[in-house]
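Labels below follow one simple rule: chain letters A, B, ... track the order of the sequence lines, proteins then strands, and each chain is numbered from 1. Note: hydrogens, waters and symmetry copies are ignored here, and every other heavy atom, side chains too, is used.
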Amino acid sequence: MLDLKMIRNHVEDVKAKLATRGVEPEAIDDLLAKDNERRELIVKSENLKKLRNEVSDQISQLKRNKEDANDKIQEMRKVSQDIKGLDEQLENIAEEVESKAAHLPNLPHEDVPVSLTEEGSVEQRRNGTPRTFDFTPKAHWEIGEELGILDFERAAKVAGSRFVYYVGDGARLERAVYNFFLDQNNAAGFTEEITPYMVNDASMFGTGQFPKFKETHAGYEVKDEGLTLIPTAEVPLVNYYRDEIIDEEKLPISVTALSPAFRSEAGSAGRDTRGLIRMHQFNKVEMVKIAKPEQSWNELEKLTTHAETLLQKLGLPYRVITLTTGDMSFTAAKTYDLEVWIPAQDKYREISSCSNCTDFQARRAHIRFRDENGKLQYVHTLNGSGLAVGRTVAAILENYQNEDGTVNVPEALVPYMQGTTVIGKK
RNA sequence: GGAGAGUUGGCAGAGUGGUAAUGCAUCGGACUCGAAAUCCGACGACCCGGCUAAUACCGGCGCGCAGGUUCAAAUCCUGUACUCUCCUCCA
């Protein structure tokens, strides 16, 4: 959520910046017009409330002195009705203002490449050289199905499309990958958490999923319970601090969690219909940082380079790109995507997204700290995948495949696989 | 799922219709070489609005939350969330 006062004071700047994210300037004018109406009503209502307080005091005095207060009581009866009417109007308008404001995305950082589409993203760096195969590399789903470690067909029978069973060494590999990530994150100073996988509406609003998430049916809500299956552990990790004032000395805070992520993938019909790339349920190890404003940009760099070390240690080639204004998620001010090499597709695919959400989520979720002057300030929140587990497994299967259909286990994972170095047919 | 109790400022804790006691803490002052203790005084969350150079000032709001009754609600009524205890159920 953007600060309304800030918008009021920097109208043209906000319009220009949000235009790069596809927001019509009229949306801002609209919001401010409603906000003016709102503030006018506040003044009217508060003036009447002041009057009521004063006269009530007089009534109270009169009653104490056993004097007649009927005139004043009659007068206040009318005033109270007026207040009620004004407050009802006010409530409606305030809701409109809130709703309009809640639909505006975060302001992009000035470094972010300006583009309404994903075209124009800037490659920051590459690491590792994609392997040259002396045979035609297979897609990971082919490898997985032939080895009997991924079963999409039965998952479709039991749940539907975009679900999978990991079986045997497949399940062990998935578990090895996320345990490796969690251990690495722990070693890098992240505190591990196991969070709720269903959250309430306030939490979904706090991290910026609601209201749009709801409107576009991007996820799964549990009928009649007011709960939503988390689309990412970012939601419970950040909302842990919702409505709290954090001790300044504790910042920056770094937390990490493995969780399944549930996404309806509405609007993705026809994209990545096979394999592990786009699922309704997938495991992800998420990292979240809560930082002071002056720390957050440096923390974003640290978060990103830490995620990169995970890919480096697994020996997977990747590149880092800066997303464009139009391609970033709603809450982000700046996002780096890590893209891992997927041989069968002959391209890099997103495996991590690291964002600084500045005070955008903190304002929605009311997460603050008291600075050295004793003043309350909103924290900055950052999140990054470290990493998407299913996509990592896909990348391992493809990058480490052998001509005979077996797959080597990356060295870093061998201890996590109880010494298994090659996954073969059982 | 059932029954009961509780939820008041940073903390503790009064207050059953007239508009939030008091204590601790905090801030200022006195005393002191200085500090502690003591004494005097002030402030009362967060938020919103007005006026602003302003974190100054004025006002609103504010007793878990949301409604209702009333000229007036922490106090009465309804609903609801959470916490604790007991029962039930369960991993």
Side-chain angles (χ1 to χ4, degrees), chain A residues 1-10 31-102 194-206 210 222-228 236 239-250 292-294 359-379:
Chain A
M1 188 95 83
L2 299 176
D3 181 10
L4 266 178
K5 283 182 196 158
M6 183 277 294
I7 298 178
R8 257 184 247 150
N9 294 332
H10 303 90
L31 170 67
L32 289 181
K34 279 288 169 204
D35 181 51
N36 269 329
E37 254 186 84
R38 178 185 138 259
R39 284 183 295 144
E40 279 167 21
L41 278 171
I42 287 175
V43 171
K44 279 189 199 165
S45 168
E46 288 191 353
N47 284 339
L48 287 182
K49 282 174 184 167
K50 188 185 176 187
L51 174 68
R52 182 175 68 184
N53 286 343
E54 286 165 358
V55 177
S56 284
D57 210 37
Q58 293 166 15
I59 291 172
S60 156
Q61 289 294 329
L62 290 171
K63 293 243 175 190
R64 250 181 238 133
N65 299 335
K66 310 264 191 246
E67 290 175 54
D68 177 53
N70 278 335
D71 286 355
K72 289 189 188 295
I73 288 175
Q74 287 308 317
E75 194 190 336
M76 284 309 102
R77 189 167 286 168
K78 165 95 171 57
V79 169
S80 276
Q81 272 174 8
D82 290 349
I83 290 174
K84 202 172 173 184
L86 286 172
D87 281 351
E88 269 168 28
Q89 285 182 57
L90 181 59
E91 196 183 339
N92 289 333
I93 294 208
E95 261 173 43
E96 278 187 69
V97 172
E98 279 288 305
S99 167
K100 286 177 194 295
I194 296 175
T195 73
Y197 298 150
M198 294 189 269
V199 297
N200 57 30
D201 292 358
S203 297
M204 287 296 280
F205 182 84
F210 280 4
V222 182
K223 203 167 183 291
D224 300 330
E225 294 286 344
L227 293 169
T228 302
N239 278 284
Y240 183 89
Y241 300 99
R242 177 154 52 81
D243 296 324
E244 294 198 9
I245 294 167
I246 303 174
D247 287 340
E248 190 189 8
E249 314 84 70
K250 292 191 177 147
K292 292 195 263 184
E294 65 267 26
D359 61 359
F360 190 84
Q361 292 180 325
R363 183 167 282 109
R364 290 176 162 241
H366 308 295
I367 308 174
R368 292 167 297 178
F369 72 100
R370 216 173 275 282
D371 66 20
E372 62 248 17
N373 301 319
K375 206 177 152 194
L376 286 172
Q377 277 195 53
Y378 287 108
V379 299

Tabulate atom names and distances for all N/O pairs under 3.5 angstrom spanning the protein and nucleotides 57-60 of chain B.
from: B:G59; atom 1: N2; to: A:Glu46; atom 2: OE1; distance (Å): 2.9
from: B:G59; atom 1: N2; to: A:Glu46; atom 2: OE2; distance (Å): 3.3
from: B:G60; atom 1: OP1; to: A:Asn53; atom 2: ND2; distance (Å): 2.9
from: B:G60; atom 1: O2'; to: A:Glu46; atom 2: OE2; distance (Å): 3.4

Atom [atom1], compared across [N] and [M]: separation rounded to whole Å:
{"N": "B:A20", "M": "B:C39", "atom1": "C1'", "value": "27 Å"}
{"N": "B:U7", "M": "B:G60", "atom1": "C1'", "value": "25 Å"}
{"N": "B:U32", "M": "B:G44", "atom1": "C1'", "value": "31 Å"}
{"N": "B:C27", "M": "B:C63", "atom1": "C1'", "value": "25 Å"}
{"N": "B:A81", "M": "B:A25", "atom1": "P", "value": "40 Å"}
{"N": "B:U16", "M": "B:G64", "atom1": "P", "value": "15 Å"}
{"N": "B:C87", "M": "B:U69", "atom1": "P", "value": "42 Å"}
{"N": "B:U22", "M": "B:A42", "atom1": "P", "value": "11 Å"}

Please classify the nucleic acid contact of A:Arg363 as base, sugar-phosphate, or nothing, using heavy-atom distances under 4.0 Å.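 Nothing, no heavy atom under 4.0 Å.
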Run the side chain to side chain donor-acceptor pair (under 3.5 Å) test against A:Gln58 and tell me which residues pass, sequence neighbours left out.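 A:Gln58 satisfies side chain to side chain donor-acceptor pair (under 3.5 Å) with A:Lys72 only.
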Does A:Tyr240 have more than 12 heavy atoms from other residues, nucleotides or ligands lying within 6.0 Å of its OH?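 Atom OH in A:Tyr240 is not packed in, count stays at 12 or less.
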For B:C48, does OP1 or OP2 lie under 4.0 Å from any side-chain N or O of A:Arg38?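 For B:C48, OP1/OP2 do not have a side-chain N/O of A:Arg38 under 4.0 Å.
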Results of salt bridge (charged side-chain N to carboxylate O under 4.0 Å, His left out) for A:Glu96 - residues two or more places apart only: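 Salt bridge (charged side-chain N to carboxylate O under 4.0 Å, His left out) check on A:Glu96 returns A:Lys34.
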Go through the structure and list residues passing salt bridge (charged side-chain N to carboxylate O under 4.0 Å, His left out) with A:Arg39, not counting sequence neighbours.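 Partners of A:Arg39 under the salt bridge (charged side-chain N to carboxylate O under 4.0 Å, His left out) test: A:Asp35.
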Using modelled atom types and a 3.5 Å cut-off, is there a donor and acceptor pairing between side-chain atoms of A:Asp3 and backbone atoms of A:Lys5?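 Between the backbone of A:Lys5 and the side chain of A:Asp3 there is a qualifying donor-acceptor contact (under 3.5 Å).
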Just how far is it from atom CD1 of A:Ile59 to atom CG of A:Asp68, taken to the nearest 0.5 Å?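 If I round to the nearest 0.5 Å, the distance is 10.5 Å.
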Could you give the distance from CD1 (A:Ile73) to CD (A:Glu75), rounded to the nearest 0.5 Å?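 Result: 11.0 Å between the selected atoms.
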Extract from the structure each pairing of a protein N or O with an N or O of nucleotides 67-74 of chain B at less than 3.5 Å, listing the distance.
from: B:U69; atom 1: OP2; to: A:Lys84; atom 2: NZ; distance (Å): 3.4
from: B:C71; atom 1: OP1; to: A:Arg77; atom 2: NE; distance (Å): 2.8
from: B:C71; atom 1: OP1; to: A:Arg77; atom 2: NH2; distance (Å): 2.2
from: B:C71; atom 1: O4'; to: A:Ile73; atom 2: O; distance (Å): 3.3
from: B:C71; atom 1: O3'; to: A:Ser80; atom 2: OG; distance (Å): 3.1
from: B:A72; atom 1: OP1; to: A:Ser80; atom 2: OG; distance (Å): 2.8

Going through the distances and angles, do A:Ser56 and A:Asn53 end up as a side-chain hydrogen bond (donor to acceptor under 3.5 Å, both in side chains)? CA-CA 5 Å; A:Ser56 284; A:Asn53 286 343; 5.7 Å; no
Using a 3.5 Å limit on both pairing distances, list the dot-bracket string of RNA chain B from the 5' end; Watson-Crick and G-U wobble pairs count, crossing pairs take [ ], interstrand pairs take |. ((((((((.[[[..)..(...]]].(((((.......)))))....((((......))))...[[[[[..)....]]]]])))))))....
A:Gln74 side chain near A:Asp71 side chain, heavy-atom distance below 4.5 Å: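 A side-chain contact under 4.5 Å is absent here.
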